[in-house]
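Scroll down for the structure; my scribbles are underneath it.
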Amino acid sequence: MTAAASTLALEIPWGVLLGAKVMIILTLLPLTALILGYVFLMKMMAHMQSRLGPMDPGGFHGWFQLIGDGIKFIQKEDVMPADADRRVFALAPMIILISTFVVYAVIPAGPRLVVEDLEVGIFFALAVSSLSVIGVLMAGWASSNKFALLGALRAAGQLIAYELPLVLAVVGVIMQAGTMSLQGIVGAQANGEIFGWGAVGNPFVLTQAVGFVLFLAAAQAELTQTPFDMPVAESELVAGYQVEYTGFRWLFFQMSEYATAFALAGIAATLFLGGWYVPGVEGTAADVLGPLVLFAKIMAISFVIFWVRFTYPRFREDQLQAMAWKYLIPLSLLNILVTGILKVVF
Amino acid sequence: MSYSEYSQSYLTIAVLIGAGAGMFGLMLGLARLVRPTRPQLDKYVTYESGSDPIGGWGQANVRYYIYALLFVMFDVEAVFIFPWALRVDSLGVFGLVEVGIFIVILALGLLYAWRKGVLRWV
C-alpha cells in the first residue's frame, strides 16, 4: 500500500472506505457490462454485419434497444425445469457473477484508486476468474438437459485448456516486473527503460509481445467469444449450458460474460499497456486522468476482442483443443524460457 | 505488510464476495416483484429442441476427463513457476537451469501424451 493510500485511510474510517469501495464496484460491474454490450455487441455488430434490428428502437442508432431489453428481462417468468437439481441450478449464475466481481477489486485505476492492491494481485485475479468453470459445470449439470451437459463439458474443457496459456503468458510479465501486485507492475512499466530511453517507460507489450498475443488469444477463449464459442454454439447446442435459464438468471450469465471481458481487458491493459500510467503525470492528477486512460485502453482491447468475434467463423471442437495444447501452451512455455534466459544473461 | 493489514485486505475480498451474493439476491428479488408466474406443466419439461426428452442426463465423452488430467499436471506446474518468476534475478543461472529442467520434463510429458494420441479427437 502506498503512503498516500494509508494517510487517506487514516482520515476516513476503514469501514466507511470499504463500504464506498463496495458500492463503487457494485455499480461498476453492471455499468461496464452495459457499456460493452451497448457499444460493441449492439452498435458495432449491427454496423459490421448489417443487422437492422438493434439500430431501430428509439430512433438515433437504436439507443433504446438495451433499455428495452432490460425491461423485457425483468418481466420474464422464472422457469426452472421440473427435472433440474434446483439448488445447484439456482446458485450457478451467482458463482459466475462473483468470480467476475472479485477480479474488479485488484485492477488499479490510479495511484490511489484500487479497492485492494494485494501482494499476489495478478495471481489472485487469475485464480478467482477461473472459478467460473465451476459455475458453468453446475449450470450444465443441474439443467438435466443433454444439450446443457454437452455445452458445459465443452466449456469446462475449453476454459481449463486456455487457462494455461493465460496463466503462463503472465509469467513473463512477472519476471520482468519482479512483483505480482498490479500496482507494482504498473510502476515497473512506468519506471522501465527501453535501451536506456525512459521517457514513456516500458509498456511490457514491447518486450513481451508474444505474451500479449498469447494472453489475448487465451482471453478470447476464456470469454467463449466467437472463434471459440463451441460451448454455446447456438446452431447446434441451442445455447449450451444456458438453455434452461430464463429472464434474470439468464441475464446474469450475459452480464458476467461482458463484465469478465471488461475485467480481462483491464488486466491485459494493466499488464501489457502500462495501465493507468500517463508519462509525467503524478499524484492527484494521475488519480483523475488514470481511470480515463485505463478506460480508453480497455475499450481498445475490447474492440479487438469483439472485432475478432464478429469476423471469424467457429473452431471445431478438436481444432479448438489442438490449438491450445499443441500451439499455445508449448509457445507460452518457450516464452517463459526465453524470457528467463534473456533476463539472467543480460 | 503487517499481519493486520494482510488480514484486512482479505477481509475486503470477503466483504466483496458477500456484496456480490447480495446483489444477486436483490436483483432476483426485485424481478420477483415484477414478473408474472403462470405455472403450466408443459413449461417445466426439459427443452431439447421440441422433441420429448428421454432420460435425464446424457453420456459424456471420456476425452474431457483426459484433458482434465493434463490440465492438473500443467496447472500445478504453473504454481511452481510463479515463485521462481518473482525471483529470477536473485536465483540467477542456478534457478534458470532448474526451471529449464522442470519445464523440459513436463514438456516431455505433453509430448508423450501427444504421441499416445491423447490430443487427437476421435
Side-chain angles (χ1 to χ4, degrees), chain A residues 1 14 18 21-22 25-26 74-79 81-83 93-94 97-98 101-102 105 115-116 118-119 123 144-147 149-150 153 156-157 160-161 163-164 167-168 171 174-175 178-180 238 243-244 247-248 252 317-318 321-322 325-326 329-330 333 336-337 340-341 343-344, chain B residues 1 5-6 8-10 12-13 15-17 19-21 23-24 27-28 30-32 34-38 41 43-49 53 56-58 60-61 63-64 67-68 70-71 74-75 78 81-82 85-89 92-93 95-96 99-100 103 106-107 110 114 119-121:
Chain A
M1 199 181 274
W14 181 73
L18 176 63
K21 285 170 173 175
V22 168
I25 298 281
L26 275 177
I74 202 165
Q75 306 177 62
K76 289 244 181 182
E77 191 177 344
D78 190 27
V79 179
D83 288 345
M94 190 176 91
L97 185 76
I98 288 177
F101 199 70
V102 182
V115 172
E116 206 53 71
L118 296 178
E119 292 274 288
F123 194 72
S144 166
N145 179 321
K146 291 168 199 71
F147 290 123
L149 183 60
L150 260 180
L153 282 170
I160 61 173
E163 180 74 27
L164 295 169
V167 170
L168 295 175
V171 172
I174 294 173
M175 281 153 84
T179 172
M180 289 203 278
V238 201
V243 179
E244 296 291 355
F248 248 51
F252 277 116
E317 182 68 21
D318 60 329
Q321 291 286 355
W325 293 104
K326 293 182 183 172
I329 292 172
L333 289 176
I336 291 175
L337 281 181
I341 290 168
K343 183 92 178 156
V344 170
Chain B
M1 190 183 258
E5 264 183 54
Y6 179 81
Q8 241 180 20
S9 60
Y10 283 94
T12 308
I13 301 297
V15 169
L16 265 177
I17 291 175
M23 182 171 86
F24 180 77
M27 283 174 79
L28 277 181
L30 277 179
R32 167 166 278 172
V34 180
R35 71 180 178 226
T37 311
R38 300 194 179 75
L41 271 184
K43 277 183 189 167
Y44 301 107
V45 175
T46 309
Y47 177 74
E48 291 181 355
S49 299
W57 284 269
N61 196 330
R63 296 262 153 214
Y64 293 107
Y67 280 117
L70 267 180
F71 168 73
F74 276 94
D75 214 30
I81 286 180
F82 268 87
L86 273 176
R87 294 278 172 269
V88 191
D89 282 334
V93 178
L96 183 69
V99 167
I103 288 180
L106 276 152
L110 181 65
W114 194 337
L119 302 183
R120 202 172 55 229
W121 199 273

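Letters go in sequence order (proteins before strands), and every chain restarts at 1. Predicted, not measured: the structure shown is a model, and the values here were computed from it.
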>> Is Ile160(A) close to chain B through its backbone or its side chain, or both, or neither, when contacts mean heavy atoms under 4.5 Å?
In response: both
>> Report which part of Val243(A) has an atom under 4.5 Å of a heavy atom belonging to chain B: side chain, backbone, both, or neither.
In response: side chain
> What part of Leu70(B) lies closer than 4.5 angstrom to a heavy atom of chain A: side chain, backbone, both or neither?
Replying inline: both
>> For Leu26(A), which atoms come within 4.5 Å of any heavy atom of chain B: side chain, backbone, both, or neither?
In response: both
> Which bit of Leu96(B) is near chain A, if near means a heavy-atom gap under 4.5 Å: side chain, backbone, both or neither?
Replying inline: side chain
>> What part of Ile17(B) gets within 4.5 angstrom of chain A, counting heavy atoms only: side chain, backbone, both, or neither?
In response: both
> Using non-hydrogen atoms only, which part of Ile74(A) is less than 4.5 Å away from chain B: side chain, backbone, both, or neither?
Replying inline: both
>> Quick check on Phe71(B) against chain A: is it the side chain, the backbone, both or neither that has a heavy atom closer than 4.5 Å?
In response: both
> With a 4.5 angstrom heavy-atom cut-off, which part of Asp75(B) approaches chain A: side chain, backbone, both or neither?
Replying inline: both
>> With a 4.5 angstrom heavy-atom cut-off, is it the side chain or the backbone of Glu77(A) that approaches chain B, or both, or neither?
In response: both
>> Quick check on Leu97(A) against chain B: is it the side chain, the backbone, both or neither that has a heavy atom closer than 4.5 Å?
In response: side chain
> Which bit of Lys76(A) comes within less than 4.5 Å of chain B, counting heavy atoms only: side chain, backbone, both or neither?
Replying inline: backbone
